Amino acid sequence: MDIRDAIKRCPLFAGVTNDDLDHLLRISKARESTKGELLFSDGEVAAGFFIVGTGKVKVFKLSPDGKERILHIVHPGGTFAEAAIFGSGTYPAYAQPLEASQLIFFPKREFLDLLRSDSQLAINMIAGLSRFLRQFANQIEELTFKDVPARLARYLLDLAGDEAKQVELPISKSQLASKLGTVSETLSRTFRKLTDDDLIVVRGKVIELLDRDRLEDLTFSFKE
């Protein structure tokens, strides 16, 4: 993994100068993490935040009975736990790699010192946290008002981007069910319904999108 390139590709650090990159490189630490390794726990004092260089990481909460609820799947170039270095200074969830991953860690104290001396970096951090808050607000809205078919349609379209006719699920269907706020049985029924309605074709983890317009319409359906 080229750490400098990984930092440059991260939206949080868009527009920083080469000198800024040098400073970030000096305080960053590369970390190899294995699948399932617990990176931090809910309520743990925040030591810093991460960029995913390769692999992917799930950020999740646990209910009192131990049921997992996935909040985010972080892919290469994405950051996680950056909000935790402010405020109360504790991690608000758990984090584990879904596969062997290469991460870049930024220690809290050194990074905050850098923010104090670099206005562009501070502005980027504010923009990054704003994007996170918008995503979180959208997630709450979908879980509150949208039914499972609408949530699944939105997920598939977002995964496909503007033009792709098919996608490959980056996580297991049980993990996807958790991310969408449902259970595996309901998700399986929803996949069957979208298949029966000629909206998609499911081939294992590969999903062909047959009718993007109708899928888009479906994303606007609300719970009855």
Side-chain angles (χ1 to χ4, degrees), residues 6 9-12 14 35 51-61 63 67-80 93-101 127-224:
R9 287 188 288 109
C10 176
L12 193 62
K35 178 180 178 180
I51 294 176
V52 178
T54 65
K56 49 182 176 282
V57 173
K58 67 175 178 179
V59 179
F60 62 99
K61 298 279 281 186
S63 67
K67 185 177 180 181
E68 183 179 292
R69 168 77 174 92
I70 294 178
L71 302 176
H72 307 287
I73 304 293
V74 189
H75 298 275
T79 56
F80 61 100
Y94 299 85
Q96 286 180 316
L98 290 169
E99 58 189 48
S101 301
L129 294 178
S130 297
R131 284 194 299 270
F132 173 80
L133 287 173
R134 284 196 299 272
Q135 291 169 1
F136 189 61
N138 289 339
Q139 188 177 43
I140 291 173
E141 179 183 347
E142 292 213 344
L143 290 174
T144 303
F145 300 114
K146 302 290 183 71
D147 57 18
V148 177
R151 285 178 243 161
L152 178 57
R154 180 76 274 156
Y155 177 82
L156 293 175
L157 288 169
D158 287 346
L159 197 61
D162 292 334
E163 297 182 0
K165 299 288 182 61
Q166 68 177 34
V167 297
E168 182 172 354
L169 298 179
I171 53 178
S172 70
K173 288 179 180 175
S174 62
Q175 290 164 342
L176 177 57
S178 174
K179 178 175 174 56
L180 297 180
T182 188
V183 295
S184 296
E185 294 79 4
T186 300
L187 181 63
S188 294
R189 287 196 298 270
T190 304
F191 270 119
R192 284 197 298 272
K193 183 180 188 308
L194 298 190
T195 299
D196 292 342
D197 290 343
D198 295 324
L199 294 174
I200 63 173
V201 173
V202 180
R203 301 184 183 91
K205 285 189 135 185
V206 176
I207 315 296
E208 183 180 355
L209 310 184
L210 298 179
D211 194 328
R212 291 178 63 103
D213 290 339
R214 288 172 61 208
L215 281 170
E216 188 69 45
D217 290 342
L218 183 58
T219 67
F220 293 103
S221 64
F222 290 84
K223 294 178 181 177
E224 296 182 356

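Excluded from the calculations below are hydrogen atoms, water molecules and symmetry mates; all remaining heavy atoms, backbone and side chain alike, are included. From a predicted model like this one, the values you see are computed outputs, not experimental measurements. For the single chain, residues carry numbers from 1 onward in sequence order.
Between G55 and S101 the shortest heavy-atom distance is CA-OG, 3.5 Å. Between P11 and G77, the shortest heavy-atom contact is CD-O, 3.3 Å. Annotation for E168 and L159: closest pair O-CD2, 3.9 Å, computed over non-hydrogen atoms. Taking every heavy atom of both residues into account, P76 and T54 meet most closely at CG-CA, 4.1 Å. Contact between K205 and I171 at its shortest, heavy atoms only, is CE-O, 3.3 Å.
Within the 4.5 Å cutoff, no side-chain heavy atoms of L209 are placed close to those of K165. In this structure, the side chains of L176 and I70 stay at 4.5 Å or more apart for every pair of heavy atoms. Looking at R214 and D197, their side chains come closer than 4.5 Å, going by heavy atoms from C-beta outward. Side chains of Q96 and K35 form no contact here, defined as non-hydrogen atoms less than 4.5 Å apart. Side chains of T190 and D147 form no contact here, defined as non-hydrogen atoms less than 4.5 Å apart. D196 places none of its side-chain heavy atoms less than 4.5 Å from the side chain of K193.
Considering CG of D213 and CG of L218, their distance stands at 12.5 Å, rounded to 0.5 Å. Atom CZ of residue F80 and atom NE2 of residue H75 lie 12.5 Å apart, to the nearest 0.5 angstrom. Note: I207 CD1 to L199 CG = 12.5 Å, rounded to the nearest 0.5 Å. Residue L215 holds its CG atom at 7.5 Å from CD1 of I200, rounded to the nearest 0.5 Å.
The backbone N or O of A164 sits less than 3.5 Å from a side-chain atom of R212, completing a donor-acceptor pair. With hydrogens and angles ignored, the 3.5 Å screen pairs a side-chain donor or acceptor of K56 with a backbone N or O of P170. Checking side-chain atoms of R151 against main-chain N and O of T182 turns up no donor-acceptor pair under 3.5 Å.
Here Y94 pairs with F60 under the ring pair (Phe, Tyr, Trp, His ring centres under 6.0 Å) rule; sequence neighbours left out. Listed by chain and number, the residues in a side chain to side chain contact (heavy atoms under 4.5 Å, CB included) with V201 are R203, E208, L210 (sequence neighbours excluded).
Remark: the R192 side chain and the T195 side chain contain no N/O donor-acceptor pair separated by less than 3.5 Å.
For the pair K179 and Y155, the NZ or CZ position fails the cation-pi test of under 6.0 Å to the six-membered ring centre and within 45 degrees of the ring normal.
A salt bridge is defined here as a Lys NZ or Arg NE, NH1 or NH2 lying under 4.0 Å from an Asp or Glu carboxylate O, and K61 with E68 fails to meet this definition.
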